[in-house]
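Counting starts at 1 for both ligands and their atoms, in listed order.
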Amino acid sequence: MTNFSELNVSESTLRSLKRMGFEEATPIQEGTIRFGLEGRDIIGQAQTGTGKTAAFGIPLIEKIDPKNPAIQALIIAPTRELAIQVSEELYKLGYDKRVKLLSVYGGQDIGRQIRALKNKPQIIVGTPGRIIDHINRRTLKLGDVQTLVLDEADEMLNMGFIDDINAILEHVPAERQTLLFSATMPGPIRKIAEEFMKEPEVVKIKSKEMTVENIDQYFVKSQEREKFDILSRLLNVHQPELAIIFGRTKRRVDELAQALSIRGYLAEGIHGDLSQAKRISVLRQFKENKIDILVATDVAARGLDISGVTHVYNFDIPQDPESYVHRIGRTGRAGKSGLAVTFVTPREMGYLRIVEETTKKRMTPLRPPSSSEALVGQQRIAMETLADIVTKNNLDDYRTLASELLEDNEALDVVAAALRALTKEPDDTPVNITEERPLPMRRSGGGNRQGGGYRRDGGGRSNNRRDGGRGGNSRRDGGNRRSSSQSSRSNSGNGERREGNRRPRRRES
Ligand SMILES: Nc1ncnc2c1ncn2[C@@H]1O[C@H](COP(=O)(O)OP(=O)(O)OP(=O)(O)O)[C@@H](O)[C@H]1O
Ligand SMILES: [Mg+2]
């Protein structure tokens, strides 16, 4: 491990890092900060949760001239929540230097952003749609930008975003430093990236597996209609502190969040059809542990750094191996451990194998717990609750009643009864989960796949490019009754991309 001071980081930034509690550089930070400070273009790839934000953030902050009121750096991120998070981390990194930042993203009052832009921020973090919106309104002047960052670069350069990125690039000087970071970087995307970079230094932190080692990865093979009951049992056995459950579509997420609430879990859904205020409030509640379970589409798959996420459940297996890597990467961050469970229907086993080939990691088959095993989980929670009350609470007001009870009953029976009263017994309140169609059949073992598992079929591409996102009918995002190529067209609209079955386009302004 290397100290930041050995990486030629300025005193001011060292002070900010100290405030953040960062003592030593992570491998990706060690590998990129020097090149970054030299002004080199960088493609940085390292596992999820290993500090890529500061890897680009530190050299970026170092380059800002605090006396220059112009926008000097632009960071583009695929989702609004990620743009907010990255701007928060950059704010901390630039705290000592007092750099001025602004995040611009869809769903927030544009007038407010325009007023904030007049305060001369030096760094802008934004989502593509809203950045373009500001460029078109001439409220965002990018002519002095020296550093351009694409966080989640492969996502930003896939066909869902590439047109937007190209449009933005037209307004950024060609003389600039370009930094691209992601945990995944499929070969074909890297080629696209290199076209608009200057002799980029490719820094890839080598690891046996693409996923983080300290995430235990399991799969459950089950029929579609059995998934929800198995999920509830798993939740009872695992008792996650904070869990994220990923579903394939917005409808899926709504139904799952509702079904979990009916069964007594503290769960909320998040997806692109919700208002921005709602999205922010759900995420805040989750971060503050007011809800235990976040049910999400891929809108929450990339980059979000929420401490304390112990479990990730893929209620639907993701279609792309990259999506799998990012989804499960919401746990096991910054050296912590995590557990991921992926549901797969028998017809979708080919996808599971493709994921494993890409990540170079086998998932362990998990036997679904029986209802009595799930009950034991709940009984243990009751026991812990009771023990906790004994140690923490003042029981004076209850002692008289307790001795009354003990006059007529055995102590063991009284405690057992208290446990029973506290145990959440299996709940079979009916819930409504519409069956998803399995993904189209796919077999693994295609050695012809380029770039370590990247596959995009041309069929979806032209669809996506043309009409997605131009105010497409976002209500039709269910998509699950259509073939995959059809549904790609129908998804998008006001949310983010890729919340239906196939890569849709989106526009988030
Ligand atoms: N040098 C460091 N020392 C201690 N903590 C760090 C250090 N660098 C980053 N972190 C913390 O590690 C966590 C993960 O960092 P970050 O979100 O940048 O990961 P990432 O590599 O971008 O992940 P993802 O691929 O999911 O986007 C954050 O909470 C961050 O504050
Ligand atoms: Mg990141």
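- In this structure, Arg19 satisfies the cation-pi test against Tyr95, with its NZ or CZ atom closer than 6.0 Å to the six-membered ring centre and inside 45 degrees of the ring normal.
- Applying the side-chain hydrogen bond (donor to acceptor under 3.5 Å, both in side chains) test to every pair with at least one member in residues 48-62, sequence neighbours left out, gives these pairs: Ser10-Glu62, Thr13-Glu62.
- By the salt bridge (Lys or Arg N to Asp or Glu O under 4.0 Å) test, Glu170 is found to be paired with no residue, residues two or more places apart in sequence or in another chain being considered.
- Among residues two or more places apart in sequence or in another chain, the salt bridge (Lys or Arg N to Asp or Glu O under 4.0 Å) test is passed with Glu201 by Arg40.
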### Task
Determine, step by step, whether Arg248 and Asp298 satisfy the salt bridge (Lys or Arg N to Asp or Glu O under 4.0 Å) criterion, reporting the C-alpha distance in whole Å, the side-chain angles of both residues, the deciding distance to 0.1 Å, and the verdict.
CA-CA 8 Å; Arg248 193 169 292 149; Asp298 275 317; over 6 Å; no

When you pair each N or O of ligand 1 with protein N or O atoms, which pairs come out under 3.5 Å?
unit_1	atom_1	unit_2	atom_2	d
ligand 1	1 (N)	Glu24	O	2.8
ligand 1	1 (N)	Gln29	OE1	3.0
ligand 1	8 (N)	Gln29	NE2	2.8
ligand 1	17 (O)	Arg333	NH2	3.0
ligand 1	18 (O)	Lys52	N	3.4
ligand 1	18 (O)	Thr53	N	3.1
ligand 1	18 (O)	Thr53	OG1	2.6
ligand 1	19 (O)	Gly51	N	3.2
ligand 1	19 (O)	Arg333	NH2	3.3
ligand 1	21 (O)	Thr50	N	3.1
ligand 1	21 (O)	Gly51	N	3.2
ligand 1	21 (O)	Lys52	N	3.0
ligand 1	21 (O)	Lys52	NZ	2.7
ligand 1	23 (O)	Gly49	N	2.8
ligand 1	23 (O)	Arg333	NH2	3.0
ligand 1	25 (O)	Lys52	NZ	2.7
ligand 1	26 (O)	Arg330	NH1	2.9
ligand 1	26 (O)	Arg330	NH2	2.8
ligand 1	26 (O)	Arg333	NH1	2.8
ligand 1	26 (O)	Arg333	NH2	3.2
ligand 1	27 (O)	Glu152	OE2	3.3
ligand 1	29 (O)	Asp305	OD1	3.4
ligand 1	29 (O)	Asp305	OD2	2.5

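- Aromatic ring orientation, His238 versus Tyr313: parallel (interplanar angle below 30°, classes split at 30° and 60°).
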